[in-house]
Amino acid sequence: MLEAILSILKIMGWLGVILGILVVVNISTKTIYNVWSSKELFSWKKMLKGIGKALVFYVSAVFICIAFTILPYVNEMITDTFGMILISNEMLETLSSVGVLGTVISAIVIQGKSAIAGILALSKMSTNSEEITWTVEEE
């Protein structure tokens with residue numbers, strides 16, 4: 001069981017690197033967009049809040065993966081203790097792998113989608129914007 005958890009932690013470490021890159025892109029693009037478009041003033045508090053939310057997101061993903069990894073071992077302990085097989089270990093190992101893979105992919109997709117949205121918002125922003133206002137006057 002310890003080897004399986006260490007293997008998952010290694011995978012989640014790589015996920016942490018990928019998520020870290022995506023979070024930096026996400027936060028920096030949205031900050032630049034909001035400051036340049038004069039929607040908001042720069043705030044360290046808001047930036048640290050975003051970094052904190054990303055950290056909570058990552059830690060939650062790690063714990064979910066550990067929970068999925070432990071499922072087959074818990075089922076084996078229940079079988080040894082009570083002598084009843086609730087779900088076969090092969091099925092739980094498959095479900096565990098699918099759960100871990102689904103968590104990793106969904107975490108990357110969620111952060112990646114947000115980072116891409118920030119990049120697209122920056123690309124659509126014009127640095128030299130003129131607002132033309134005119135009225136038609138009738139004589």
So Met84 and Ile78, side-chain contact (heavy atoms from CB on, under 4.5 Å) or not? Walk me through it. CA-CA 7 Å; Met84 297 173 57; Ile78 290 171; 6.0 Å; no

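Ser96 places no side-chain N or O within donor-acceptor distance of the main-chain N or O of Leu92, the cut-off being under 3.5 Å. Thr79 places a side-chain N or O within 3.5 Å of a backbone atom of Asn75 that can act as its donor or acceptor partner.
When each of Thr31, Ile32, Val25 is tested with Thr29 by the rule side chain to side chain contact (heavy atoms under 4.5 Å, CB included), just one qualifies, namely Val25.
Tracing side-chain contacts under 4.5 Å through hydrophobic residues (I, L, V, M, F, W, Y), one never reaches Ile119 starting from Ile18; they form parts of separate clusters.
Using modelled atom types and a 3.5 Å distance limit, the side chains of Ser114 and Lys30 yield a donor-acceptor pair.
A distance of 11.5 Å separates CD1 in Ile85 from CD1 in Ile87, rounded to the nearest 0.5 Å. Taking CD of Glu93 as the start and CZ of Phe68 as the end, the distance is 15.0 Å to the nearest 0.5 Å. To the nearest 0.5 Å, the span separating CG on Leu101 from SG on Cys65 amounts to 9.0 Å. Of the inter-residue distances, the one linking Gln111 atom CD with Ile21 atom CD1 reads 12.5 Å to the nearest 0.5 angstrom. Taking CD1 of Ile110 as the reference point, atom CD1 of Ile105 lies at 12.0 Å (rounded to 0.5 Å). Separating the CG atom in Leu95 from the CD atom in Glu90 is a distance of 11.5 Å, to the nearest 0.5 Å.
Nearest heavy atom pair, residue Gly112 against residue Leu22, reads N-CD1, 3.7 Å. Closest non-hydrogen pair, Tyr58 versus Leu19, comes out as CD1-CD1, 3.8 Å. Smallest separation of non-hydrogen atoms from Asn89 and Pro72: OD1-O, 3.2 Å. Across all their heavy atoms, Val24 and Ser28 have their closest contact at O-OG, 2.7 Å.
Counting non-hydrogen atoms of neighbouring residues, nucleotides and ligands closer than 6.0 angstrom, the CZ atom of Phe42 exceeds 12 such neighbours. Around CG of Leu55, the count of heavy atoms belonging to other residues, nucleotides or ligands within 6.0 Å exceeds 12.
Residues Ile116 and Leu120 are in side-chain contact: their nearest non-hydrogen atoms beyond the backbone lie under 4.5 Å apart. Within the 4.5 Å cutoff, side-chain heavy atoms of Val74 are placed close to those of Met77. By the 4.5 Å heavy-atom criterion applied to side chains, Met47 and Ile27 are counted as neighbours.
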